[in-house]
Number of protein chains: 2
Amino acid sequence: METTSTRTDSCAAPPHPHRRPEGQDSYTISEVVAFTGLTAHTLRWYERIGLMPHIDRSHTGQRRYSNRDLDWLDLVGKLRLTGMPVADMVRYAELVREGDHTFGERFELLETTRRDVLARIAELQDTLAVLDRKISFYADAGRLYEQDKMGKTANTGNTEKVEKAG
Amino acid sequence: METTSTRTDSCAAPPHPHRRPEGQDSYTISEVVAFTGLTAHTLRWYERIGLMPHIDRSHTGQRRYSNRDLDWLDLVGKLRLTGMPVADMVRYAELVREGDHTFGERFELLETTRRDVLARIAELQDTLAVLDRKISFYADAGRLYEQDKMGKTANTGNTEKVEKAG
DNA sequence: CGCTTGCTTGGAGCGCACTCCAAGGTCATA
DNA sequence: TATGACCTTGGAGTGCGCTCCAAGCAAGCG
């Protein structure tokens, strides 16, 4: 079942420069902190709640992360960016641990997430349009306001509009 | 300062069908709940923390929201979608209350938000790429797994890859 | 009139995702 | 071998954004 293949999975992202080759891939928690930007607290917490597999330990019980663990943390990071709740990520982690018969369920979870991400992008683009409209409005209004201050116009009507717009 | 102009601000979004014309725009909290999807609790809380202007009251002290209040809630909803912290939205609301001399600061806040939104969209598109890769991988792997179950192939190497990928 | 429904308030409580603490064991370097 | 940085654990605490509660007022209806 388990192999020690030296090649990275075809599904993996582009390689990271700081990684050691397979076989010597044993990182302390502080190294993982440096790679991921997560805190050590968070890494331990992820493990406690089942979002990580049980991490290898040194002979004295200290955590030693593998390249595969870093791959998993990359994925978790991406899913976190989508706003997926941690509980859902834990669910996905459980499916992975349960083995091959959960392919279908994993597929559906990813598809649902994909749809969520697309919807989120659309929302953000919508928001962007509103923002752009307001920004150009303020650019104009600000210019008018500066003119007002310099006495070049005597117009309060234009600036009043902004209070209405917020 | 305050006008009762009957036209909507040029900066406003397309009109909403449920709105009453200016002058008769007086909505109860439960109407606003129906329009916005927010809870009455949240609407009152927004007011308490200064994210809303002080809302008009009926002679018995009940809230009466105006079209302008609804416009503001629309904007708040958009900003909320960007992930902007409530505290920052409160800051923006304060700037609006403070008057015309805060144009510049409002402009910068919106610009910063705009950049955040663009970055967020880029992140999500990056995540989408990862998701798409995994989804097509699972689509393939799932098909192979079904074939395995039906005895059409005798391959465990292909499905093993998935455990590695997660 | 009583009943229901809707609204008011200040303040307390909740769920999430961390974040930190205390007490102690381990490791690298001088 | 001693010093100090780093690691371990279970459990408690924090900040955010709501969410709810209790007690009470007001309006409409049979």
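All figures in this text were calculated on a predicted structure; none of them were measured in a lab. Below, read A as the first sequence line, B as the second, and so on, with proteins coming before strands; counting in each chain starts at 1. Atom set for the values below is all heavy atoms of this structure, side chains included, hydrogens, waters and symmetry mates excluded.
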Engineer: On DNA chain D, does the nearest nucleotide to Pro85(B) precede the nearest nucleotide to Glu31(A) from the 5' side, or the other way round? Give the residue.
Structural biologist: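 The 5'-side residue here is Glu31(A).
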Engineer: Atom CZ of Arg64(B) to atom P of dA26(D): distance rounded to whole Å?
Structural biologist: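 These atoms are roughly 13 Å apart.
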Engineer: Nearest to the side chain of Thr39(B), which nucleotide is it out of dT19(C), dT19(D), dG6(C)?
Structural biologist: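 Nearest listed nucleotide: dT19(D).
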Engineer: Any side-chain heavy-atom pair from Glu105(A) and Glu98(A) closer than 4.5 angstrom?
Structural biologist: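 The answer is no; the side chains never approach within 4.5 Å.
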Engineer: Give the rounded distance in Å between these two atoms: NE2 of His41(B) and P of dT8(C).
Structural biologist: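 Spelled out: NE2 on His41(B) to P on dT8(C) is 12 Å.
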Engineer: Within this structure, what is the CD1-to-P distance between Ile29(B) and dG6(C), rounded to whole angstrom?
Structural biologist: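 So the two atoms are 13 Å apart, to the nearest Å.
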Engineer: Taking any heavy-atom pair under 4.0 Å as a contact, classify Arg80(B): base, sugar-phosphate, or nothing.
Structural biologist: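 Sugar-phosphate contact only - Arg80(B) comes under 4.0 Å of backbone atoms but never of a base.
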Engineer: For the residue pair Phe103(B) and Tyr138(A), does the interplanar ring angle fall in the parallel (under 30°), tilted (30 to 60°) or perpendicular (over 60°) class?
Structural biologist: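 It falls in the perpendicular class, over 60°.
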Engineer: Starting from the C-alpha separation in whole Å, work towards a yes-or-no answer on side-chain contact (heavy atoms from CB on, under 4.5 Å) for Tyr92(B) and Leu110(B).
Structural biologist: CA-CA 9 Å; Tyr92(B) 184 76; Leu110(B) 293 175; 3.9 Å; yes
Engineer: For Met84(A) and dC18(C), what is the distance between atoms CE and P respectively, to the nearest whole Å?
Structural biologist: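 Distance check: Met84(A) CE to dC18(C) P gives 14 Å.
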Engineer: How many whole angstroms separate atom CG of Leu43(A) from atom C1' of dT8(D)?
Structural biologist: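 The distance from CG of Leu43(A) to C1' of dT8(D) comes to 14 Å, rounded to the nearest Å.
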Engineer: Residues from residues 44-62 of chain B sitting under 4.0 Å of DNA chain D, heavy atoms only?
Structural biologist: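 When residues 44-62 of chain B is checked for heavy atoms under 4.0 Å from DNA chain D, the hits, listed by number, are Trp45(B), Tyr46(B), His59(B), Thr60(B).
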Engineer: Between Ser66(A) and Asp69(A), do the side chains contain an N or O donor and an N or O acceptor separated by less than 3.5 Å?
Structural biologist: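 There is such a pair (donor and acceptor under 3.5 Å, judged by atom type) between the side chains of Ser66(A) and Asp69(A).
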Engineer: For Leu38(A) and dA17(C), give me the distance from atom CG to atom P, rounded to whole Å.
Structural biologist: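 In whole Å, dA17(C) P and Leu38(A) CG are 14 Å from each other.
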Engineer: Taking only the side-chain nitrogens and oxygens of Thr28(A), find out if one of them lies under 4.0 Å from OP1 or OP2 of dC7(D).
Structural biologist: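 So the side chain of Thr28(A) is within the cut-off, an N or O lying under 4.0 Å from OP1 or OP2 of dC7(D).
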Engineer: Phosphate oxygens OP1/OP2 of dT8(D): is one of them under 4.0 Å from a side-chain N or O of Arg63(A)?
Structural biologist: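 Answer is yes, contact under 4.0 Å.
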Engineer: Using the six-membered ring wherever Trp is involved, compare the ring planes of Tyr27(B) and Phe35(B) and label them parallel, tilted or perpendicular (cut-offs 30° and 60°).
Structural biologist: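 Aromatic pair Tyr27(B)/Phe35(B) classed perpendicular.
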Engineer: When the distance from OH of Tyr65(B) to C1' of dT8(C) is rounded to whole Å, what number comes out?
Structural biologist: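 Atom-to-atom, Tyr65(B) to dT8(C), this comes out as 12 Å.
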Engineer: Are any non-hydrogen side-chain atoms of Val86(B) and Val90(B) less than 4.5 angstrom apart?
Structural biologist: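 Sidechains of Val90(B) and Val86(B): in contact.
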Engineer: Hey, any chance Leu81(B) and Leu79(B) share a hydrophobic cluster, counting ILVMFWY side chains that come within less than 4.5 Å of each other, even indirectly?
Structural biologist: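 Leu81(B) and Leu79(B): separate clusters.
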